[in-house]
Every structure is written in structure tokens, then in C-alpha cells.
Number of protein chains: 2
Amino acid sequence: MALDFPGPATGRHPLRRQEVTEQIKAFILRNHLKPGDPLPTESVLCESLGASRSSVREAIKTLSALDIVEVRHGHGMYVGRLSLVALVESLAFRVQLSSRDDFTVLGEVIGVRQLLEQGLAASLVAALEEPHFDALAALVSEMRELADKGETFVEQDRAFHLLLMEPLKIDLVQQLTGAFWDVHSMVAPLLAPSTADGRETADAHAEIVAAARRRDVAAFQAAIEAHYGPVRKQLATHLRDSGNAVDGRPEGR
Amino acid sequence: MALDFPGPATGRHPLRRQEVTEQIKAFILRNHLKPGDPLPTESVLCESLGASRSSVREAIKTLSALDIVEVRHGHGMYVGRLSLVALVESLAFRVQLSSRDDFTVLGEVIGVRQLLEQGLAASLVAALEEPHFDALAALVSEMRELADKGETFVEQDRAFHLLLMEPLKIDLVQQLTGAFWDVHSMVAPLLAPSTADGRETADAHAEIVAAARRRDVAAFQAAIEAHYGPVRKQLATHLRDSGNAVDGRPEGR
DNA sequence: GAGGCGTACGACGTCTGACGTCCTATGCTT
DNA sequence: AAGCATAGGACGTCAGACGTCGTACGCCTC
């Protein structure tokens, strides 16, 4: 009856899976690995960590969801790209869940997108150079062409907003921009099946570039405002039209 | 030899685990579940989804990492809180990984924290009311007391920055503030073992409140700047002092 | 009869072993 | 030399058993 007195309130046995998770992270840190570097195979991990394959695999699934580990079937495991996919997945689901009743979360996502670009307006206007303007203008041209043909231009749109942030050379900001764009576009179809006024949107992007070219911070911010205005309006319209009429549920069950 | 012709380039068999993941998410959406609502047990999921327990469990580990599903040992499974823990975990690891050589990522995290508060300066100054000022001032008092006793006040610091964002009533912004704060504080010990000039930091917070009370947007932004200034400076100092001397590695292995 | 303790059951956690699928590489065939 | 066939390594899936955690029911004690 060896009475190993129980630890504090929290679980006495630190879950095996959790331990393995931490040890794999520690392994990456300890060996200074970079994204893409190979990791030990499952069987090796099982041995060296003294855990069963189940525990190791479940730990890896957690790390995989966070893009800390990347698994390639048939190849092996590698250090992940440490992107923000987890944020995107998580937020996208939250938006979908809240979309049953209202679109508040989607509205907040759009608000954050706008905040990022407007909050950095001064830095951006100062940092953008001719090559950037040319590339941005080229994207706007593509958008216009596609809009006139009645097609969409999601890829150009994403590229535009990423490129806009590029001169800052701040990875995190660029990735956040991409992440929130992804969430937005991933759930946009829920609003209206491509009701986007293509031409109008393309013109809004053009105005952003024009203002930046003139190094006019105020105009730049106004252009951003004008870009997101229609989006918000569309959201509000959708709220009023369908509202909680999606299903007869007036409020909380 | 029933030859079911292979699908497109990408994996012909959509991984079972992946399917289960999507189906669980769909289940939550379809039934309009909210955070905290109970989910079917593992065994029920295995039956209804026709998958083995391993696949179901691995799928759940993924959803658990994204805080879409919460597992309570001995109790059962529930809809998660849909927080931003995944972002925190992911970013924190990235900061640790980059900390071996430089602290660029940590610097970027701090930059985003600053961007959030400065970018919303106008809205915040307009939205803050007396009760907020009082609560914020109370936190500053606590900070000062603790600082004078030579103790730290991480909890008060976090509460301060969250409360600052509260009047906006934008959940996402508040959660992002908390998330980036968490990342920052989670990795701060790597910089210097609580070298924080407590008193100075507390005063910086006081100045933020004072500026907001005067409804002075410019002063508010300046106070934010002054708050993060020392933090950045500490970071730069640490970079110069220890630099890549953490271990003798001059550069990439 | 009220309170406390022990057992039974449900649900998640871990382990083991086997087989399927994907990819690569080796070596034979043409 | 080019192409195919086979063997091996590594991840994916399945099945069954046992351990741990919590709860609830029921027995025992007072």
C-alpha cells in the first residue's frame, strides 16, 4: 500500500499524450530544427519516449493541428510550417456557428481586417515603393478584366491584400492578414452566392493604390474605409433580410 | 478485381480521420450546439460514423487542439469554448523556436499588441466611461503596491489590457488582445528573469488611463508608445548582449 | 432515519498486435 | 538504357483488452 500522496488539485497523472506532446516540442527546440526538417518516425518516438503508438499518434494529431508537425503519408514526419492555419480553422468554425443566428463574428473579422490595414496606413504609405505599386496595379487590372467577364477574382484579391502588407517586412502581420482574409472568404459564400459587385470592388482596390501613390495617408485610410463599406453593408442587408428567419428559432433553445 | 478507378491527383481515399473530423463539426453546426453542450460519446460516434475508435479519437484530438471540442476525462465530450488557444500555442512555439537565434517573432508579437491598442485609440478614448477609468485606476494601484513590494503583477497587467478593450464590445478584439498578451508573457521569461522595472511599468499604465480620461487621443497613443518602448528596448538589449551567444552556434547548422 | 463508505457502471486514456495504403528504392526484364 | 515488378519503410486504420477518472446507487454504520 505505498501511499504516494496525491499531487495538487489538478490530475495526478499527467496524461501520457500530453507528456509526449511536450517532449516532441522540446525535441524540436532542443535540436534547433526548422520547418521542413525531418522528425523521428512513429516507431522511434515510441521507443525513445516509452509510449505506445496510440499515445504518440494522438499527440502528433494535436501538433499537426497547430502546424507544428507535418505528416506525409508514406514519407514520414517533418517540422510544420508554423502557419496560422489553426487560427483560421478555429475562427472559421466560430463564424459558421454564429452564422445560424447572426453574423456578428464575421463582422468582427472584417473589422479586424480593416483595423490592420488602417492602423498601419502611415507605415504602409511610407514603405510602399514603385515596384509595389506596379504589382498592385497589375492585380487591379486583372480584377477588372475578370469582373467585366463576370468572373470572380478571389486569388487576386488575396494577393492584393498580402502584397499591400509586404513592404513592412513583418511576417506576423502578413500572416494575420492572410489568415483573416481566409476566414472571411471561407465563410463569405454563406452570405450571398457571389453577389459581389466585381467592378465596384476592383475600383475600390484601385483607389487604395492611387492614394498610396500620392503618399496621402488620409486618402489611403478613406479608401480602405470605402473598400470595406460595401462588405459591411452587404452583411447588414443579409442580416435584415433573412435574419433569424433561417430557421424558425426566435432565440436560444 | 473490382477496379474503382482512382480519384484526381490528391489522395483517392479521403482519410477516415479527416472525414470524421468534418462530420463532427457538421454535427455541431447542424444541431446549433453552443459551447458547453454535450456531444455523443466515443462509442456512439464510432457506431454512427462507422469508424474505429482510433480514427474517432484522433479526429477529436485535432478538434480538441482547436478548442472546438472539449474532453473531460470520466465525464464525456462537450462543445469547446472556441477560444484562441490554438493561436496562442502555435505562436508561442514559434517564438520559442526563433528565440534561439533572434527574437524577431517576439518583437512582431509586441508590435501587433501595440498596433491593436494604437489603432483603436480613437474608438477607445470615445468609448471608455467613468466605471472603466475607476476599474483601470484600481488595477494601477494594485500594480504600484505590488511593485513597491518587489513583486510581479502579471495578472493585473493582463486584466488591464483586457479591460481597456472591453468598452468596444468586440469579442474578437478582446480575445486577440488576450491571446497576444498570453504569447508575450508566456515567452517573456526567456528574455530576462523578471527584470521588469515594476514601478516604471505601473506608471506607464497610469499615464494611459490619464490620457484616456482627458479624451486626448494623441496623448493616449503616446502613452501606449511609452508603455511598449521599454519592452522593445529590453528586447533589443537582450539581443545585443547575448545575441547568438546562447550557444556557440554562429549560424545555421 | 441520516450520514458515510464501498461498489458498479459509464466514459475517456493507454497498450498491443495486425493489416491496409502510400511512397521510394532496388533490381530484373525487355 | 528505359520500364516494370517487387520489397521495404512509414503512416493509416481496425480490433480488443485493460487502466483511470467520476458519478451514482446501495449497503452499512451510528
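So that the names make sense, note that chain A is the first sequence line, chain B the second, and so on, each numbered from 1. Just so it is clear, the structure is predicted and the values come from calculations on it, not from any experiment.
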TODO: State which residues pass salt bridge (charged side-chain N to carboxylate O under 4.0 Å, His left out) with B/K169; sequence neighbours excluded, sorted by chain then number.
DONE: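 Partners of B/K169 by the salt bridge (charged side-chain N to carboxylate O under 4.0 Å, His left out) criterion, ordered by chain and then number, come out as B/E166.
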
TODO: Applying salt bridge (charged side-chain N to carboxylate O under 4.0 Å, His left out), name anything that partners A/R81, two or more places apart in sequence or on another chain.
DONE: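 Salt bridge (charged side-chain N to carboxylate O under 4.0 Å, His left out) list for A/R81, sorted by chain: empty.
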
Open item on the list: Less than 4.5 Å apart, side chain to side chain, heavy atoms only: is that true for B/M165 and B/L176?
Closed with: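 No; the side chains remain at least 4.5 Å from each other.
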
Open item on the list: Side chains of A/T177 and A/R113, heavy atoms from C-beta outward: is any pair under 4.5 Å?
Closed with: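 Result no, sub-4.5 Å side-chain heavy-atom pair not found.
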
Task: Between P of D/dA10 and OH of A/Y78, the distance in whole Å - done: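 Rounded to whole Å, this separation is 10 Å.
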
Task: Atom-to-atom span, CG of B/L45 to P of D/dC14 - whole angstrom - done: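 Spelled out: CG on B/L45 to P on D/dC14 is 14 Å.
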
Task: Residue pairs involving residues 42-58 of chain A (criterion salt bridge (Lys or Arg N to Asp or Glu O under 4.0 Å); sequence neighbours excluded) - done: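 Sorted result for residues 42-58 of chain A: A/R17-A/E58, A/E42-A/R53, A/E42-A/R57, A/R57-B/E58, A/E58-B/R57.
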
TODO: With heavy atoms under 4.0 Å as the rule, sort A/S55 into base, sugar-phosphate or nothing.
DONE: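 Counting heavy atoms under 4.0 Å across all strands, the contact made by A/S55 is with sugar-phosphate only.
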
Open item on the list: Testing the 3.5 Å rule here: is there a donor-acceptor pair between the side chains of B/R30 and B/Q23?
Closed with: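 No pair is found: no donor N or O on one side chain lies under 3.5 Å from an acceptor on the other.
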
Open item on the list: Between A/E19 and A/R16, does any NZ, NE, NH1 or NH2 come within less than 4.0 Å of an OD or OE carboxylate oxygen?
Closed with: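 Result for this pair is yes, salt bridge flagged.
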
Would you list the protein and nucleotides 10-13 of chain C atom pairs, both N or O, that sit under 3.5 Å from each other?
unit_1, atom_1, unit_2, atom_2, d
C/dC12, OP2, B/E42, N, 3.0
C/dC12, O2, B/H73, NE2, 3.3
C/dG13, OP2, B/R57, NH1, 2.7
C/dG13, OP2, B/R57, NH2, 3.2
C/dG13, OP2, B/K61, NZ, 3.3
C/dG13, N7, B/R53, NH2, 2.8
C/dG13, O6, B/R53, NH1, 3.3

Open item on the list: Angle between the end axes of the helix from C/dG1-D/dC30 to C/dT30-D/dA1, five pairs per end, to the nearest 10 degrees?
Closed with: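 Inter-axis angle at the ends, rounded: 10°.
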
Task: ring pair (Phe, Tyr, Trp, His ring centres under 6.0 Å) against A/F160, all qualifying residues, sequence neighbours excluded - done: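 Listed in chain order: A/H205.
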
